[in-house]
Amino acid sequence: MSEGTGRYNFLEVEEKWRKVWETDKSFEPSADRSLPKYYVLEMFPYPSGRIHMGHVRNYTLGDVVARYRRARGFNVLHPMGWDSFGLPAENAAIENKVHPAKWTRENIAAMKAQLMTLGLSLDWSREISTCEPDYYKHEQKMFTDFMRAGLAYRKESWVNWDPVENTVLANEQVIDGRGWRSGALVEKRKLSQWFLKITAFADELLEAIESLERWPDKVRTMQTNWINRSEGAHVDFSLVGRDDSLRVFTTRPDTLYGASFCALAANHPLIAEQAENNPDLAEFVSECNRLGTSEEVIEKAEKKGFDTGLKVAHPLDPSWELPVYAANFVLMEYGTGAVFGCPAHDQRDLEFARKYGLPVTPVVLPKGEDPQAFDIVNEAYVGDGTIFNSGFLDGLGVDEAKSKVIARLGELGTGEGTVTYRLRDWGVSRQRYWGCPVPVIHCADCGAVPVPDADLPVALPDDVDFDQPGNPLDRHPTWKHTTCPNCGKDAVRETDTFDTFFESSWYFARFCDANNPDEAFSRDAVDYWLPVDQYVGGIEHAVLHLLYSRFFVRALSQCGYMNLDEPFDGLFTQGMVCHETYRSEDGKWLSPVDIDRRGADSAFLLGTDKPVKIGRSEKMSKSRKNVVDPENIVQTYGADTARLFMLSDSPPDRDLEWTESGVEGAWRFLNKVWRQVQDAIGAGLPDRNTPLPASFSGPADALRRAAHKALDGATGDLERFHFNRAVARIRELSNAIGEFSPSDDSDRWAYREAVEHLVQLLGPMTPHLAEELWRALSNDTLVARSTWPVADPGLVVDDMVTLAVQVNGKMRAKVEVERDASEENARSAALSHENVQRAMEGKEPRKIIVVPNRIVNIVV
RNA sequence: GGCCCCUUGGCGGAAUUGGUAGACGCAGCAGACUUAAAAUCUGCUAUCGCAGUGCGGUGUUCCGGUUCGAGUCCGGAAGGGGCCA
């Protein structure tokens with residue numbers, strides 16, 4: 001404890017207790033599988049080299065849960081690791097000539113040291129790093145098992161190709177048709193790639209969303225939309241003058257009589273066939289390919305088509321012929337890559353029809369419209385209505401017409417009902433070095449052969465250069481040359497690596513048995529620990545990471561690794577950490593460390609009188625320079641202050657505004673608590689085991705009530721992730737303690753009780769200070785290992801309650817009555833109050849509503 | 001364009017889920033301690049009126065509704081945000 005200064009010496013104290021926890025192995029879970037378990041996990045970080053405030057918030061929230069659950073008697077697993085494959089390491093290699101492995105390992109060491117200073121209750125004995133062969137060899141095994149189970153397959157696929165980065169981009173990495181990093185115009189290219197069959201679980205993934213009760217609705221909606229199940233039909237249009245037919249997918253078979261053309265994706269096989277003898281069509285196809293595969297870009301682009309000259313016959317009326325177009329808004333990956341256009345009832349089709357002079361025939365009549373007068377001008381009608389202009393479907397509703405037309409198509413053999421999804425199979429191949437090698441050998445005779453288990457891992461070679469663009473694995477002189485495990489002939493290794501979402505799709509399972517050298521994890525370990533009880537992370541992973549992980553537990557279950565429905569039982573998505581932005585007069589962004597804040601709304605460049613413009617609070621980002629380095633905060637105020645501030649004002653799911661004054665407020669509070677406990681000790685607290693006194697003075701009773709109410713309320717708040725409210729209650733207790741001065745032994749007994757509650761409540765939030773004070777109160781245990789106190793219900797509810805009295809709904813008085821007083825007593829207490837009498841102006845009450853322990857409303 | 005969410009003092013937010021609006025904190029003001037400052041402590045702080053410690057009016061973005069009673073429920077509008085297009 002610090003001497004002389006009268007202030008809390010956090011530097012000494014925080015380091016001391018971290019060492020104690022480490023020696024004590026306080027955060028390693030018990031191996032006893034009969035204990036109730038609780039698995040708390042925060043999304044593991046990419047090792048960029050330094051932690052940022054977003055990490056501090058994320059890991060503080062998780063740590064509060066972990067420490068609280070431990071105190072509630074759970075066997076808690078709270079691990080940490082590194083999502084350590086990925087592009088930045090390769091970029092560093094290119095820019096700074098440092099090997100990705102070296103760069104990554106150094107970053108991990110630096111970030112780990114920073115994380116250590118936060119006092120997180122992590123079990124570091126389970127630390128994992130996904131770029132190490134002892135991690136990725138297991139996922140290579142999984143992949144070969146997926147191949148054998150038919151869950152991984154290879155196909156030619158159109159991809160977004162970034163010509164500068166020389167790699168495939170995901171749709172979300174394409175912004176306005178350009179690569180998100182390089183800014184280069186993205187091209188469509190056809191590559192042979194590996195896919196994981198996530199669509200095999202589309203229905204299951206969709207239906208199970210309903211069971212994820214402890215997930216935010218927002219995330220559940222986003223996943224539902226992402227999977228986007230749609231019921232519709234496959235319809236076959238026979239090609240005029242040929243023997244084959246064109247299969248289209250539609251969600252609106254009821255509008256088939258409104259068809260005026262068919263449109264095909266530019267890379268539909270039929271278009272490829274036609275383009276061979278049609279250079280103009282071929283040019284159109286390559287123009288479409290330049291658009292990329294992003295749906296958003298495609299949707300925003302001008303709708304263009306190219307008449308192939310082919311005709312198809314209408315499936316319900318063979319004498320009716322429709323033209324066939326290649327179109328830039330139809331995707332080969334969705335449905336069948338072909339649609340029929342019904343301009344009257346689809347906006348895209350309408351724009352297309354207007355452009356190419358195609359007929360627009362309305363077939364759905366909105367309620368109340370006259371069939372003779374109803375006309376489509378600039379807006380397609382997509383709503384409900386009655387079918388008309390449609391032969392045997394006339395007069396039916398949309399849904400009835402759908403089933404009837406599907407039945408008819410079935411009879412005619414020209415179509416059938418079907419279900420499609422927007423969700424597509426997950427392409428996992430990346431043309432990159434710093435990733436997990438795809439464990440496959442290509443043999444001229446045997447094809448793609450999985451690497452046998454005994455040969456795993458397929459480790460990345462260390463001797464690579466990054467002097468040229470493209471994949472260093474591919475141009476490595478020896479690495480890819482090997483022999484076929486089947487026939488023994490010369491063969492080559494796959495040189496692609498996995499998408500880094502692969503590693504993060506199963507890391508939560510590895511943590512259950514992180515040091516298992518033989519298997520990814522033992523069945524026993526995952527059976528006990530999974531699912532994760534509380535997952536905490538950013539909303540940015542609402543779809544991909546979380547959906548892939550949900551897919552993985554299903555795929556792994558199918559392959560016998562585990563038996564699990566869902567990986568994450570509870571999910572919490574925290575808000576961003578924001579800060580004011582500053583700009584100099586010439587418009588340059590300025591960092592908060594260079595700002596001299598004077599008063600509520602003026603600021604100057606530090607050490608000068610140059611005014612600075614204060615901008616609105618935005619997410620901390622390097623580009624706006626509004627970042628505050630956690631390391632500085634921890635050095636200046638200590639980890640507990642940073643943690644407390646993270647928890648104090650804003651609800652965890654909302655954005656948090658980082659303010660210097662708020663941090664100082666948290667720091668002041670910690671010092672106040674420290675002083676309060678010193679004062680209490682100075683007052684001569686009774687020994688810990690002193691029995692409960694028979695009676696208490698009025699102030700002591702009030703203090704005890706404050707302590708038990710704070711405990712009861714804060715416990716409920718912690719259960720419900722209302723950490724900001726829990727902090728408020730703790731401050732209330734501190735305020736009550738500050739007003740108390742003991743005068744006898746029973747007072748001092750109550751004093752100790754209140755102070756101990758305060759310290760224990762702070763345990764999950766400011767653990768270092770809590771340990772220091774707990775020890776100062778002559779406890780020989782650790783708060784980290786202590787049991788959460790239980791509130792005495794008799795002290796949580798008061799004997800007397802204040803009733804609000806309203807007259808005609810307006811608050812007029814407050815009256816004190818006994819808790820659970822009879823309606824009669826409440827009524828007469830209310831009526832006898834002088835303010836109430838005055839407000840009633842001598843009138844007779846017409847009706848009196850009494851809500852026990854809350855309110856009396858007198859209607860006159 | 002579609003769907004969803006949000007809007008409470010100068011600021012962050014609270015409100016037992018239909019029952020005392022503004023807990024707790026930040027900022028501010030006043031005071032105590034001090035030679036002084038820092039630190040700390042105390043008080044005030046939605047707003048207007050009557051004149052002072054109480055009483056009354058108004059007040060949860062705006063308009064309307066349901067109800068004895070609405071920040072909370074319903075309908076509409078505005079502004080902000082998110083997701084999908």
Side-chain angles (χ1 to χ4, degrees), chain A residues 5-8 172 216-228 294-301 329 347-348 379-380 382-383 422 539-540 542-543 573 575-576 578 580 597 599-601 616-617 619 644-645 647-651 653-669 671-672 675-676 679 709-710 712-714 716-717 720 722-735 738-739 796-797 801-815 834-835 838-839 845-860:
Chain A
T5 63
R7 290 191 106 187
Y8 168 53
E172 40 289 334
D217 287 340
K218 201 178 6 172
V219 176
R220 301 203 294 177
T221 309
M222 283 162 72
Q223 295 215 349
T224 305
N225 292 340
W226 188 262
I227 295 169
N228 192 22
S294 148
E295 286 180 31
E296 192 190 343
V297 171
I298 287 164
E299 189 65 29
K300 279 179 179 160
F329 62 87
Q347 192 60 33
R348 281 190 312 201
E379 268 189 39
V382 296
R422 200 183 71 110
I539 188 76
E540 65 273 19
V543 177
T573 51
M576 300 181 298
C578 300
E580 276 184 341
R597 202 77 165 73
D601 32 39
R616 64 175 204 145
S617 184
K619 181 185 181 179
L644 183 66
F645 178 68
L647 300 166
S648 290
D649 287 342
S650 302
D653 53 343
R654 272 197 233 173
D655 288 352
L656 173 140
E657 186 173 351
W658 185 273
T659 62
E660 189 68 16
S661 53
V663 176
E664 279 177 4
W667 164 239
R668 274 201 299 270
F669 179 66
N671 280 286
K672 179 180 161 189
R675 254 181 281 110
Q676 283 183 328
D679 289 350
K709 282 180 189 170
D712 181 64
D717 290 336
R720 288 187 289 274
H722 294 162
F723 299 153
N724 56 322
R725 295 204 311 199
V727 171
R729 290 186 205 272
I730 291 169
R731 297 186 101 121
E732 280 176 324
L733 174 56
S734 166
N735 290 344
E739 285 163 17
V796 172
V797 291
V801 293
T802 308
L803 291 186
V805 185
Q806 299 180 336
V807 178
N808 285 341
K810 278 197 198 297
M811 237 278 285
R812 294 298 175 186
K814 293 173 188 177
V815 291
E834 59 168 321
N835 289 359
R838 182 157 13 97
R846 215 172 39 157
K847 191 175 174 188
I848 301 179
I849 292 120
V850 180
V851 181
N853 303 326
R854 298 231 185 284
I855 206 163
V856 178
N857 191 5
I858 300 161
V859 187
V860 298

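Throughout, a chain's letter reflects where its sequence line sits, starting with A, and its residues are numbered from 1.
Salt bridge annotation for R220(A)-D217(A): present, with a cationic side-chain nitrogen under 4.0 angstrom from a carboxylate oxygen.
For R654(A), a side-chain nitrogen or oxygen approaches OP1 or OP2 of A14(B) to under 4.0 Å. Applying the 4.0 Å criterion to OP1 and OP2 of G1(B), one finds that R348(A) has every side-chain N and O outside that range.
No more than 12 heavy atoms of other residues, nucleotides or ligands shown are found within 6.0 angstrom of NZ on K619(A).
Under the side-chain contact (heavy atoms from CB on, under 4.5 Å) test applied with P216(A), the options T573(A), D653(A), I539(A) reduce to a single match, T573(A).
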Which pairs, protein N/O on one side and nucleotides 30-32 of chain B N/O on the other, fall under 3.5 Å?
none

Between the protein and nucleotides 20-26 of chain B, which nitrogen or oxygen pairs come in under 3.5 angstrom?
residue	atom	partner	partner atom	Å
U20(B)	O2	K814(A)	NZ	2.9
A23(B)	O2'	E732(A)	OE2	2.5
G25(B)	OP1	N735(A)	ND2	3.4
C26(B)	OP1	R668(A)	NH2	2.7
C26(B)	O2'	S661(A)	OG	3.1

Using atom names, set out every protein N or O paired with an N or O of nucleotides 70-72 of chain B below 3.5 Å, distance rounded to 0.1 Å.
none

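Partners of K847(A) by side-chain contact (heavy atoms from CB on, under 4.5 Å), not counting sequence neighbours, listed by chain and number: I849(A), V859(A). Listed by chain and number, the residues in a side-chain contact (heavy atoms from CB on, under 4.5 Å) with T802(A) are K814(A), E816(A) (sequence neighbours excluded).
The side chain of I849(A) lies closest to C68(B) when the candidates are U40(B), C68(B), C83(B). In the set G57(B), A14(B), C68(B), the nucleotide with an atom closest to the side chain of K847(A) is C68(B). The side chain of V851(A) lies closest to G19(B), out of G19(B), C83(B), U58(B). Nearest to the side chain of R812(A), among G56(B), C83(B), G12(B), sits G56(B).
In the interface, the side chain of N225(A) is not paired with the base of C84(B) through any donor and acceptor atom under 3.5 Å apart.
Taken to the nearest 0.5 Å, the OG atom of S734(A) stands 9.5 Å off from the CZ atom of R675(A). Here the straight-line distance linking atom CZ of R812(A) with atom CD1 of I858(A) works out to 11.0 Å at 0.5 Å rounding. Interatomic distance, E580(A) CD to E657(A) CD, rounded to the nearest 0.5 Å: 6.0 Å. Put simply, CZ on F723(A) and CD1 on I730(A) are 11.0 Å apart, with the number rounded to the nearest 0.5 Å.
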task: For side chain to side chain contact (heavy atoms under 4.5 Å, CB included), just list the numbers for K672(A) and N735(A), CA-CA rounded to whole Å, side-chain angles, deciding distance to a tenth of an Å, and then say yes or no.
output: CA-CA 10 Å; K672(A) 179 180 161 189; N735(A) 290 344; 2.8 Å; yes
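For RNA chain B, runs of at least 3 consecutive pairs of the Watson-Crick or G-U wobble type, with both hydrogen-bonding distances under 3.5 angstrom, map to B:1-7 with B:78-84, B:10-12 with B:24-26, B:28-32 with B:40-44, B:46-50 with B:54-58, B:61-65 with B:73-77.
U8(B) and A46(B) have their C1' atoms separated by 10 Å, with the value rounded to a whole Å.
Using cut-offs of 30° and 60° for the angle between ring planes, the F645(A) and W658(A) rings count as perpendicular.
Here S648(A) lies out of heavy-atom contact (under 4.0 Å) with every strand.
Looking at D655(A), its side chain never comes within 3.5 Å of a backbone N or O of G575(A) through a donor-acceptor pair.
R668(A) and N671(A) share no side-chain donor-acceptor pair at under 3.5 Å.
Positionally, the nearest nucleotide of RNA chain B for T221(A) lies more toward the 5' end than for the other of T221(A) and K218(A).
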